[in-house]
Amino acid sequence: MKFRNEVDVSAPIEVVFAEASDFELIEKLALKRGIDVQRLDVLSEPGPGMVWDVAFNFRGKMREMEVELVHYDPTNEIRLKSRSSAFMGTMDADFLALSRQQTRVSICIEMKPQNLTARLMMQSVKLMRANLIKRLRKRMKYWARLTEDRHKAHGPS
């Protein structure tokens, strides 16, 4: 199952990419949402090979997955791969400069079930698809506004 969305951000591509690849901040935000995030690698710079162990509550059960940064092309693309006992997934984030002060961020999330239980769970997710896409769109718009506000607070470059 694939989910796609895009959002335009009123900030230069370098600023938008820097916000999207601030993995330390993303970890902190996840923790505030009740998601347990443990960094497993020892890399000092962002890049392929960064790995996190992520645990979260979904439908009353604790779920665990490993998330790995597999592609990191500054100002162009970030690709993450996730693995759990039930699902394999990818998330691609593409960045496109529309102008000097406008950037389009496109997200594609794909999930593939790995066993029969996961296939059954995927059927219920399909029923919630429209709601999940709406939530993704809302969250991306919120992130875009935060990014714009931070950019304005630090002054245009």
Side-chain angles (χ1 to χ4, degrees), residues 1-9 11 13 16-98 103-148:
M1 173 177 283
K2 282 187 182 181
F3 298 94
R4 295 178 192 268
N5 194 40
E6 60 186 34
V7 66
D8 292 347
V9 185
I13 193 168
V16 174
F17 187 87
E19 285 285 323
S21 61
D22 186 346
F23 298 111
E24 218 172 276
L25 177 62
I26 293 168
E27 289 173 28
K28 288 176 185 173
L29 293 173
L31 288 169
K32 283 184 180 180
R33 296 182 61 96
I35 300 170
D36 184 35
V37 180
Q38 300 273 328
R39 177 100 176 262
L40 302 178
D41 65 88
V42 293
L43 296 175
S44 59
E45 295 290 321
M50 292 178 80
V51 181
W52 297 266
D53 186 30
V54 180
F56 56 95
N57 194 342
F58 180 73
R59 296 186 143 206
K61 279 184 144 181
M62 222 32 201
R63 313 287 178 168
E64 292 186 29
M65 70 170 52
E66 185 177 280
V67 178
E68 179 180 1
L69 179 63
V70 294
H71 185 73
Y72 184 80
D73 182 6
T75 71
N76 292 311
E77 182 182 19
I78 297 171
R79 178 173 295 134
L80 299 165
K81 192 180 281 188
S82 62
R83 292 178 286 286
S84 74
S85 60
F87 291 96
M88 299 258 326
T90 59
M91 187 196 89
D92 295 332
D94 293 306
F95 302 82
L96 175 66
L98 300 175
T103 304
R104 177 164 294 153
V105 180
S106 301
I107 299 285
C108 179
I109 300 169
E110 184 172 9
M111 299 182 326
K112 294 180 182 177
Q114 297 299 300
N115 57 39
L116 182 58
T117 304
R119 288 178 200 271
L120 293 172
M121 189 185 300
M122 189 64 78
Q123 292 304 313
S124 65
V125 170
K126 284 182 181 178
L127 295 173
M128 303 179 337
R129 182 179 172 82
N131 187 32
L132 291 171
I133 290 172
K134 193 183 299 183
R135 287 173 56 190
L136 175 63
R137 186 175 298 126
K138 184 178 176 182
R139 199 158 285 157
M140 286 183 70
K141 283 182 181 179
Y142 176 73
W143 174 82
R145 298 312 151 245
L146 282 177
T147 300
E148 291 169 355

Asker: Measuring from atom CG of D22 to atom OG1 of T147, what distance do you get when rounded to the nearest 0.5 angstrom?
Answerer: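 Going from CG on D22 over to OG1 on T147, the span is 10.0 Å.
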Asker: Roughly how far, to the nearest 0.5 Å, is CG of D94 from CD of E6?
Answerer: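 Here the rounded value is 10.0 Å.
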Asker: Which pairs would a plain distance check flag for residues 46-57, meaning a side-chain donor or acceptor within less than 3.5 Å of a matching protein atom at least two apart in sequence or in another chain?
Answerer:
{"from": "W52", "atom 1": "NE1", "to": "E27", "atom 2": "OE2", "distance (Å)": "2.7"}
{"from": "N57", "atom 1": "OD1", "to": "G60", "atom 2": "N", "distance (Å)": "3.4"}
{"from": "N57", "atom 1": "OD1", "to": "K61", "atom 2": "N", "distance (Å)": "3.1"}

Asker: Is R4 atom CZ crowded by more than 12 heavy atoms from other residues, nucleotides or ligands, each under 6.0 Å away?
Answerer: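 Not buried by this count: 12 neighbours or fewer within 6.0 Å.
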Asker: Quick one: are I133 and R129 in side-chain contact, heavy atoms under 4.5 Å?
Answerer: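 Answer yes - side chains close enough.
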Asker: What's the shortest heavy-atom distance between V105 and M140, and which atoms?
Answerer: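 Shortest heavy-atom separation between V105 and M140 comes out as O-CE, 3.8 Å.
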Asker: Do other residues, nucleotides or ligands put more than 12 heavy atoms under 6.0 Å from the CZ atom of R135?
Answerer: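 Not more than 12 within 6.0 Å, no.
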Asker: To the nearest 0.5 Å, what is the distance between CG on L96 and CD1 on I13?
Answerer: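 Result: 6.5 Å between the selected atoms.
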Asker: Calculate, to the nearest 0.5 Å, the distance between atoms OG1 and NZ belonging to T90 and K112 respectively.
Answerer: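 T90 OG1 to K112 NZ: 7.0 Å, rounded to 0.5 Å.
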Asker: Show the nearest heavy-atom pair for residues R137 and N5, with the distance to one decimal.
Answerer: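 Nearest heavy atoms, R137 then N5: CA-ND2, 3.2 Å.
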Asker: Quick check: do F17 and D73 have side-chain heavy atoms less than 4.5 Å from each other?
Answerer: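 They are not in contact (no side-chain heavy atoms under 4.5 Å apart), so the answer is no.
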Asker: Is there side-chain contact between P113 and F87, with heavy atoms separated by less than 4.5 Å?
Answerer: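 Sidechains of F87 and P113: in contact.
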Asker: Begin from the C-alpha positions of E66 and L40 and carry the test side chain to side chain contact (heavy atoms under 4.5 Å, CB included) through to its verdict.
Answerer: CA-CA 9 Å; E66 185 177 280; L40 302 178; 4.1 Å; yes
Asker: May I ask you to decide if the ring planes of F23 and Y72 are parallel, tilted or perpendicular, using 30° and 60° as cut-offs?
Answerer: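 F23 and Y72: tilted rings.
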Asker: Give me the atom names and distance for the closest heavy-atom approach of A11 to T103.
Answerer: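 Distance-wise, the nearest heavy atoms are O-OG1, 2.8 Å.
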Asker: Output all residues satisfying side-chain hydrogen bond (donor to acceptor under 3.5 Å, both in side chains) with D41, sequence neighbours left out; order by chain, then residue number.
Answerer: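 D41 satisfies side-chain hydrogen bond (donor to acceptor under 3.5 Å, both in side chains) with R39 once adjacent residues are dropped.
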Asker: What distance separates H71 NE2 from K81 NZ, expressed to the nearest 0.5 Å?
Answerer: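 Spacing of NE2 (H71) from NZ (K81) equals 12.5 Å.
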Asker: Would you please test F3 and I107 for side chain to side chain contact (heavy atoms under 4.5 Å, CB included) and show each step?
Answerer: CA-CA 8 Å; F3 298 94; I107 299 285; over 6 Å; no
Asker: Does I78 reach the side chain of L69, with side-chain heavy atoms less than 4.5 Å apart?
Answerer: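 A side-chain contact exists here, since the closest heavy-atom pair is under 4.5 Å.
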Asker: Does any non-hydrogen side-chain atom of N76 lie less than 4.5 Å from one of F95?
Answerer: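 F95 does not reach N76 side chain to side chain.
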Asker: Just distance, no hydrogens or angles: give the donor-acceptor pairs under 3.5 Å from side chains in residues 115-123, sequence neighbours left out.
Answerer:
{"from": "N115", "atom 1": "OD1", "to": "T117", "atom 2": "N", "distance (Å)": "3.3"}
{"from": "N115", "atom 1": "OD1", "to": "A118", "atom 2": "N", "distance (Å)": "2.7"}
{"from": "N115", "atom 1": "ND2", "to": "S85", "atom 2": "O", "distance (Å)": "3.3"}

Asker: Looking only at non-hydrogen atoms, find the nearest pair between M1 and V125 and report the distance.
Answerer: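 Heavy atoms only, the tightest pair is SD-CG1, 3.7 Å.
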Asker: Do you know the tightest heavy-atom contact between D8 and A144?
Answerer: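 Looks like O-CB, 4.3 Å.
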Asker: Atom OG of S21 and atom CD of E77: how far apart are they, to the nearest 0.5 Å?
Answerer: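 Here the interatomic distance stands at 13.0 Å.
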Asker: Side chains of Q114 and R83: closer than 4.5 Å at any heavy-atom pair?
Answerer: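 Counting from C-beta outward, Q114 and R83 never come under 4.5 Å.
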